[in-house]
Amino acid sequence: MSTAPARVDARAKVTGALRYGADRAPESVAYAAFAVATIARGRITGVDTEAALNLPGVRLVITRFDPDELTSPGFIMTGGYGFQSLQPLLDDRIAYRGQPIALVVADTPLAATEAAELITAAYEPEPAAFTLDAPGAETLVQAQAIPIPMFADTAVGDADAAFAAAPVQVDVEVSGPNQHQVPMELIGGVVEWHGDTLVVHEGTQNSGAVQNGLARQLGISPDRVQVISPSVGGGFGQKNSLQPHIGPLAIAARRLGRPVKLVLTRPQTFHQASFRPASRQRVRLGADSSGRLVAAIHEIDQQTSRHDLFPAMYTEVSSRFYGIGAFRGLQRLVRTDVQTPGYMRAPFEHIAAYAMESAVDEIAYATGRDPVELRLANDTAVDPVSGLPFSSRHVAECLRRGAERFGWAERSPRPRSMRGPDGTLIGWGVAIGAYPGSAAAAIARMSAHDTGTVEVAVAGHEMGQGIRTAIARLVADDLGIEIAAVKVGVGDTRSAPQHLTAGSWGTATALPAVHAALRDRLGVPRTGPVDMRAAVAATGGSRIEIEATSVARGQPADVVVDRLRKGLLAIAGPEYPEFVTFSHIAHFVEVRIEAATGRVRVPRVVSVADCGRVASPVTAASQVRGGVIWGIGATLREQSLVDPRYGGFLNPTMEEYPIPVSADVHRIDVDFIDEPDLLLNPVGVKGLGEVCMVGVSAAIGNALFHATGARFRRLPVRIEDVLPHL
Amino acid sequence: MTAFEVNGRKVDLEVDPRESLLAVLQDRLHLYGTKKGCDHGQCGACTVHLDGRRVVSCLTLASQVEGREVRTIEGVAGEDGTLHPLQRAFIDNDAMQCGYCTPGQIMSGLACIAEGHTGDDDEIREYMSGNLCRCGAYVGIVAAIRQVAGPAEA
Ligand code: FES
Ligand code: FES
């Protein structure tokens, strides 16, 4: 094993040398900015661009593209590439507040910004709806609106009858707010033409979709589009598909014959990209008098846009938390006048866990059982939905080990029974989390050189999760070479087809196949260290190139590889032919509430994760801490406030949308079960980046109940919610 | 013309009176280690030192730095590439994930130590709370600063 640093790009990060998408200004670059709609729904009747055009340095103002010049990229969830189907600047319709109405390109960023602000428009507004209950919001039953099996409602047994007959019942309704991903790196990049080839530098989690989506939008071949995104300054789901500014930039760059750069302002990232939809979750849970769970009914209303149906997948996970024999889910979509909402870290699982795990906690109190013991008693080795075994499931061990590390045995069970010397209310809570184990098709390319260097290119985007390091490590360990001799290329459509990177380790699974192929070509044994320099030289050439393809279990190889090459989703799981895969976690949380002010602190969290083999313990622990901090933010701080009169979000800045800061974060102890899941893939890894956030909110909510005796149904929980219960 | 020093190097530029120091560092001087997260003084990603004190470069006009010394993340390691102990400590404590906030954290961390705001970890947290990290690398960041500042005061 090598003694390399925890991250292969750590030095570049601490010296400021790492380049992100917009970190460049090529010779003769021009700068773009958007003017945006000030109504939420209606028609544009005129745009006044004169003042903008008269400003020195302004080169172009575009208010409308021709249909043969630019088309919709299609919606990522219906076979397209865009975060939404709606491409601005194609017609006179306004579908949401903040939608671009004109693109300005100028010699300097200041001129572009000033010109965009000088553009005014006249509108014919129409009534609009922004919240789940607003008049004009249209509610659809998802299973009917999107008749595709994976979006159908989960149903096992007769949950309504079992619930009605259950001696212990709880009925919980939770409301989940709009939230935004707020990656530190803004959305934006630099677009330029090299002859007929479009080169895009943009931070994205899905350069394959950007490549193929642009090709579709512009009517050119995907091989004429190169997307380069080796390092992303955080994505969290917001950068997982083609953003609608890139197509317009490409056309502007072609018209001007210059590279064009655009970085959205922070408020624009709240209005021109995806966000977490508002939702309402009702969970009814029935148990026998011993606390054995016998029935669960989970009904969800989730916001979507008027122009796209963003599919809800809450019950996929809530039906698998415990071995409940009767489950019924109902997922409804509520159309409102917003840009299309989308994925934000633990998109469904986080809030589903808040509802389910609050309800489970209530059952524990109703039946007089310890919350940890009750959860252990309801654990299962078999997936209650499919009847298949879990490929691995270590929930019980996560709970036991977490309880031990946290000191759960010291807990006094009665609410309001633990106080600090100064009157501070103390609460201890527990919850579990689960996240589906997906796998994606991948093509890995490797070249071995007679210098001893190995270059590997594979689908994947480095967003801070440490994928570049994990790949380098796997290659080095497997081939028995120095980690420094491995050069990893990710997020680059020039070197390998790129798939969405989100909560999946599909990429790593392509490596064993490419190693085996390389060893065979070199004529060296299938295992053991390789003297790369000598082996390559022995072939008589200076380099050997190998390509290998891998697909997830049960995936039809030809179909998914074709989808992968087209930049479409090529994901399998969590149900595979012989098993079901989820990652799991248990969180134990202490909250302290200042008696005078109601201010809630989270001084201590213990999280024990079951993510299969832990490829890199240091970066994995960092990732879990990050997920826990996301959970703290989502529970106690973050909400994108909707303006119910005019639409849009009222707090679209880093000051007013309060993500957690250093002072909010204290001790977070992380541990791993570290049992490889070799059924899921030959490396034995399951996803970690999402599951680590799931259940944090519920554990905090349960701790708040323990501290105050009150249940908080609306997230985030604010001081004014807590104050009446001190 | 506006003349100032960046990492010990003299620069002399025509700047628009509205142009921020951040914009000048990035696209005019190609020093991209200084990052933009908000352009409104709310996130700390653009933190640099101006005459030894930390400032957010997005709210500092380039024209204001006439005759002054600017130090960016690119000027923190030694000429020969030797990392500053705080850069080393960031690596040792895995005080980063995506790395986008990292240059700003290090510039603020250096100032936090120089200002003497490292009495205990809560003080570090307080004085580092102007530097947001969406990845949530805070535990490592505080540990890195603690490592360089020396043990907490009793
Ligand atoms: S970019 Fe300057 S503080 Fe955010
Ligand atoms: S490391 Fe990603 S924002 Fe701090």
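Letters go in sequence order (proteins before strands), and every chain restarts at 1.
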Let me know if [X] has heavy atoms under 4.5 Å from chain B in its side chain, its backbone, both or neither.
{"X": "A:V182", "value": "both"}
{"X": "A:T15", "value": "both"}
{"X": "A:P660", "value": "both"}
{"X": "A:Q181", "value": "backbone"}
{"X": "A:T619", "value": "both"}
{"X": "A:T108", "value": "neither"}
{"X": "A:V263", "value": "side chain"}
{"X": "A:R11", "value": "both"}
{"X": "A:E114", "value": "side chain"}

Measuring heavy-atom distances to chain A, does [X] have an atom under 4.5 Å in its side chain, in its backbone, in both, or in neither?
{"X": "B:K36", "answer": "both"}
{"X": "B:I106", "answer": "side chain"}
{"X": "B:E19", "answer": "both"}

Legend entry - Check: B:R125 side chain, A:V665 main-chain N or O, donor-acceptor pair, under 3.5 Å: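 Here the side-chain-to-backbone pair exists.
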Inset, instruction - State whether the side chain of B:Q97 and the backbone N or O of A:S622 hold a donor-acceptor pair below 3.5 Å, judged by distance alone. - result: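 Such a contact is found between B:Q97 side chain and A:S622 backbone.
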Legend entry - Close side-chain approach of B:K35 and A:Y20, heavy atoms under 4.5 Å: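 With C-beta onward as the side chain, the pair touches.
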Inset, instruction - Heavy-atom pairs under 4.5 Å with chain A are the metric here; pick the option from B:C98, B:G75, B:G37 that has the most. - result: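 The answer is B:C98.
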Legend entry - Top contributor to chain A interface from B:D39, B:L83, B:V76, B:D16 [non-hydrogen pairs under 4.5 Å]: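 Ranked by heavy-atom pairs under 4.5 Å with chain A, first place is B:L83.
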Legend entry - B:D27 and A:Y31: side chain donor to acceptor below 3.5 Å: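 Side-chain D/A pair, B:D27 to A:Y31: present.
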Legend entry - Residues that B:T72 engages under side-chain hydrogen bond (donor to acceptor under 3.5 Å, both in side chains), provided they are two or more places apart: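 Once residues adjacent in sequence are excluded, the partners of B:T72 under the side-chain hydrogen bond (donor to acceptor under 3.5 Å, both in side chains) criterion are B:N7, B:E74.
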